[in-house]
Protein chains: 2
Amino acid sequence: MGSRIEADYLIETPADPARAAEAMAGEQSSGTFTAVPGETPELKARAAARVEALEVLETGVPPSLPGAMPSPQGCTRARVTLSWPLETIGPDLTTLAATVAGNLFELKQFSGLRLLDIRLPEAFARAYPGPRHGIAGTRRLAGVAEGPLIGTIVKPSVGFTPEQTAELVQTLAEAGIDFIKDDELQADGPACPFDARVRAVMAVINAHADRTGKRVMYAFNLSGELDDMRRRHDLVLDLGGTCVMASVNAVGLAGMIGLGRHSLLPIHAHRNGWGALTRAPLLGWSYPAWSKLWRLAGADHMHVNGLGNKFSEDDDSVIASAKSVLAPMFAAKPCVSMPVFSSGQTVRQPYETFRRLGTADLIYAAGGGIMAHPDGPAAGVQSLRQAWDGALQGRTAEDHARGNPALARALERAGA
Amino acid sequence: MGSRIEADYLIETPADPARAAEAMAGEQSSGTFTAVPGETPELKARAAARVEALEVLETGVPPSLPGAMPSPQGCTRARVTLSWPLETIGPDLTTLAATVAGNLFELKQFSGLRLLDIRLPEAFARAYPGPRHGIAGTRRLAGVAEGPLIGTIVKPSVGFTPEQTAELVQTLAEAGIDFIKDDELQADGPACPFDARVRAVMAVINAHADRTGKRVMYAFNLSGELDDMRRRHDLVLDLGGTCVMASVNAVGLAGMIGLGRHSLLPIHAHRNGWGALTRAPLLGWSYPAWSKLWRLAGADHMHVNGLGNKFSEDDDSVIASAKSVLAPMFAAKPCVSMPVFSSGQTVRQPYETFRRLGTADLIYAAGGGIMAHPDGPAAGVQSLRQAWDGALQGRTAEDHARGNPALARALERAGA
């Protein structure tokens, strides 16, 4: 990869795509729209962004977004790769973001512009912590050697007191759950303060661990200011907790990097707000590009939605996201994060999830599928494990349900 | 406003809009898609989000975004107001963001969803610093009692050494400029390290201030990790600097709040990356909602683009943005930020800008309009001041050019 930063874009432009790509490169490096005295050929050669590749995909399409220059002949879609010298940006994630995803999306030359991927020099691997625990560390802390971590979310999302939260955790721990997370709406509100919640929940988790040897991993949502997040992390660590969670879009890069440098626990990265950055097909960010920032910052777990989810994302996109966080970023520091599958997940999706992903190195979070199992939460957890056991043996949930009554009962319900 | 948080949305849905609005409220508060044992009527009454208002705007429109439920009868657009109890969220900006702009944009019930505005209880005013300097403090530090601060941006954006940057600052200071900012692409890259740039630039600014009594305000781009930003701020302060700049989307809320609490200097908030959040009309954020987060965090100056800009934003949107940051957020803490007009600004826009905005409490940043004035940068700065003098007297640039040769020459060029 050498010493240049590369970024791939999907662009749509009413102009000549080669000239539009040059405008992108100019806007995001040395250029200005009016020639200025200091911009010598030597300076441009040293500092300018370059158009490395351009492939026209489609012509004559109507503009996807308003505000572009007029397009009497329709617009052209193309895939473009730009590069920048590391020398001007430095191995710095905030300047990187301002460069590869700064004042580009609004340019009049484009009726669509989407960042598809980024490739970074090894200097970034040296500059940032990356996931401290990743898959292996998460498995060790959760005591789950193989198969997915079966997880769930505290529901109702808000409204429970710390004590009510702890009661639910007790029920889930007894049901055999591996992983529980706070809802992203719950951080440190007056009705359920962070510290009180951690104390109440960890009392249950510690007692359960003492009794059974199984320490449930609970991702406490510590999102907030950096000094508060550090303090909250220390409390979780002190009380024997094994995971913290943060909403990456709400906290932002500076906060997540600071947390990543400080944390001794796996960081569960929640992506709420992601839809605003990605749902318009010709605008914003693709998941592989976006998630690389958080992986470098230290995200051990990355949310990727789930197959057949309740959101607008299709299954191909979910699988592409999960594969992207499992693919190494650097030889010396792979920054592999554990993908988190959630949203409407039941016993129905493990077979297809494993068939398409090829690994069970993931967290599989189900809500109603556990608490609303007709035979109770323990059967709910068991049914999900059975569905995954089947999937790992290449068997669909229907096939595997024979002889596995918890799964069979869950299927009846999921099919209803 | 009381003790509830309110948010207004533009929604587009293939479903019944009242039911879609209830789904939003459910997803972003107590609800889950499957009834769970703990969600009692008492808990819902205490913790649930409420639909406060719903106004149907249009029916039978095609879906704006892919991935929504099928819409055989077309979609309905509506304006919706939701509210949440402060009790569950707390006066916390990161939890607020995860709530009002979290897992909403991706819901299948919507073919479009955009956050238009937010209204917050006074508890937020007490919890956050807000702008420390705002308009009055900026005017005092820059020595500009009335009219806009005439500003510019260091161009080329990248490629200059600290010494070359300082030479340009010397030229601009001698030209009579009020305000200069780093480009957002320039923070602490190896080719132009932050500390060296500050030292070189402040030597020029201090010498010029000693000689003339005029201290040019320079917004040093300190974007990066929080501890680095604090350290860089302290260096700027120690050397007599009067402003720091940060890219808010790249730094994020936790970082900007941390900087806001620490900074003794005006914070110049750069919005690069904003287009990804706003350019799709039925997705993301409107500027008034988004900018409130940064205003509370401490942004003294907020970028609003400019009339007749080089980007895709229309003039109505620019004026609405500028008016929004000038409107008080709270009686006890108005959090008014100084709007920054930039992008293709010349002597042509002041008249219309003032006519529509009704105030000159702003920073007016021009690039080529200054450095490329046919009679040099001093004439460039002078021409902009003359254009603004005219605008404040209700005179167009053309009217006011008689007897004002710098303006007349700039008009010839801008008209070319």
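Labels below follow one simple rule: chain letters A, B, ... track the order of the sequence lines, proteins then strands, and each chain is numbered from 1.
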Using a 4.5 angstrom heavy-atom cutoff, name the option from [options] with the most pairs to chain A.
{"options": "B:A98, B:G258, B:G255", "answer": "B:A98"}
{"options": "B:M229, B:M256, B:E42, B:E184", "answer": "B:E184"}
{"options": "B:P281, B:A250, B:G344", "answer": "B:A250"}

Checking [X] against chain B: side chain, backbone, both or neither under 4.5 Å from a heavy atom?
{"X": "A:L283", "result": "side chain"}
{"X": "A:R261", "result": "side chain"}
{"X": "A:S247", "result": "side chain"}

Check your understanding: Looking at A:D92, A:N249, A:D227, A:L104, which one has more heavy-atom pairs under 4.5 Å with chain B than the rest?
Key ->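 The answer is A:D227.
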Check your understanding: For A:L259 and A:L222, what are the C-alpha separation, side-chain angles and deciding distance, and is it a side-chain contact (heavy atoms from CB on, under 4.5 Å)?
Key -> CA-CA 10 Å; A:L259 178 63; A:L222 51 59; 3.9 Å; yes
Practice item. Could you tell me which portion of B:T95 (side chain, backbone, both or neither) has an atom closer than 4.5 angstrom to a non-hydrogen atom of chain A? Key: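 For B:T95, the contact with chain A is made by the side chain alone.
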**Study point:** Over-ring placement of A:R279 relative to B:F105, 6.0 Å and 45° cut-offs
**Key:**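 That pair does not qualify as a cation-pi contact.
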Review point. When you check the side-chain N and O atoms of B:D183 and B:S157, is any donor under 3.5 Å from an acceptor?
Key: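 Judged by distance alone, the side chains do pair up.
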Practice item. Just jot down the salt bridge (Lys or Arg N to Asp or Glu O under 4.0 Å) partners of A:D314, sequence neighbours excluded, or say none. Key: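 Salt bridge (Lys or Arg N to Asp or Glu O under 4.0 Å) check on A:D314 returns nothing, list empty.
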